[in-house]
Amino acid sequence: MRIMISADMEGATGVTYTSDVIPGTEQWQRFRRLFTGDVNACIAGLCAGGATDVLVNEAHSSQRNLLLEDLDPRARMLTGRHKPLSMMQGIQSGVDGVVFLGYHAGAGADGVLAHTYLENSITGVWLDGVPASEGRLNAAMAAEHGVPVLLVTGDDQTCLDAADYAPQAVGVAVKECVSRYAAICLPPARTADLITEAAREAMARAGRDEPSTGPHRIEVEFDATHLAHAAAVVPTVELIGVRSVGFDAPSMTEAMKAFKVVTAIASGAVEGIYG
Ligand SMILES: [Zn+2]
């Protein structure tokens with residue numbers, strides 16, 4: 001049984017603020033240890049549940065956050081940026097299940113450090129008409145490869161979101177959202193136990209499904225008109241409102257590639273102060 005962990009940082013134990021997840025800051029140095037602790041707790045549970053190989057794909061920011069020297073030796077780690085499938089690189093390698101660890105609520109939703117891909121500028125994303133977090137988008141890509149989502153960890157809002165897009169997955173709330181920048185946090189000694197037990201339990205669901213293929217539509221709303229205009233330069237992407245664009249793609253993988261281009265072009269068009 002080969003399992004992949006897509007590891008994001010905003011939903012890690014104790015994380016509640018920008019500097020906690022911005023590479024190079026003192027707080028980031030502290031929280032990357034807690035983040036690594038969450039990942040190790042997950043690996044321990046997956047292996048206890050029968051996993052024979054665990055691939056950890058770093059999915060946050062520079063994608064150089066986890067401490068390889070502290071990683072459970074039963075796992076392998078994909079680190080670094082510029083991966084064709086971004087947060088989901090590795091999903092195409094024949095894995096039997098995927099874990100969304102340290103995930104967070106989507107842009108415009110309630111949740112600690114809620115956003116979808118861009119930390120700001122995007123106020124909402126819809127997948128086939130449904131408000132979509134990174135988790136929902138990535139779950140659709142996993143489904144296209146026949147890979148079930150086994151476990152999702154993050155704040156309580158992340159777990160509520162996951163219960164809708166991956167009802168078969170086990171959820172672990174490592175913190176309770178109070179605001180976008182505040183949460184009631186459990187200490188790592190407690191979240192590690194919760195994550196390990198949930199991962200072990202979640203392995204019961206591991207095993208490939210029939211791939212769910214087909215076209216998808218993504219719509220993106222920005223907080224400023226010029227960002228939508230910038231994104232609409234991308235072939236197949238159309239303006240659908242003063243601050244919104246939409247596009248259709250023949251598969252979820254193609255949709256996410258187009259989404260990546262849209263976010264890259266929009267973020268390049270953001271100006272200081274006025275955005
Ligand atoms: Zn994220």
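Hydrogens, waters and symmetry mates play no part in the numbers below; they use all other heavy atoms, side chains included. In listed order, ligands and their atoms are each counted from 1. Nothing here was measured: the structure is a model prediction, and the numbers come from that model.
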Problem set entry | Backbone N/O of Leu113 and side chain of His115: donor-acceptor pair under 3.5 Å | yes
Exercise. Ignoring water, what protein N, O or S atoms are under 2.8 Å from the Zn ion (ligand 1)?
Worked result: Asp8 OD2, His104 NE2, Glu134 OE1
Problem set entry | Heavy-atom donor-acceptor pair, Asn57 side chain to Met87 backbone, under 3.5 Å | yes
Exercise. What residues, two or more places apart in sequence or in another chain, satisfy ring pair (Phe, Tyr, Trp, His ring centres under 6.0 Å) together with Tyr103?
Worked result: Phe100
Seminar exercise, completed: Sequence neighbours excluded, the answer for salt bridge (Lys or Arg N to Asp or Glu O under 4.0 Å) partners of Asp72 is Arg74
Exercise. Looking only at atom types and distance, does a side-chain atom of Asn40 sit under 3.5 Å from a main-chain N or O of Asp70, one as donor and one as acceptor?
Worked result: yes
For this session: Any pair with a residue in residues 161-195 that passes ring-ring contact (aromatic ring centres under 6.0 Å, His included), sequence neighbours left out, goes on the list, sorted by first then second residue, please.
Result: Tyr17-Tyr181
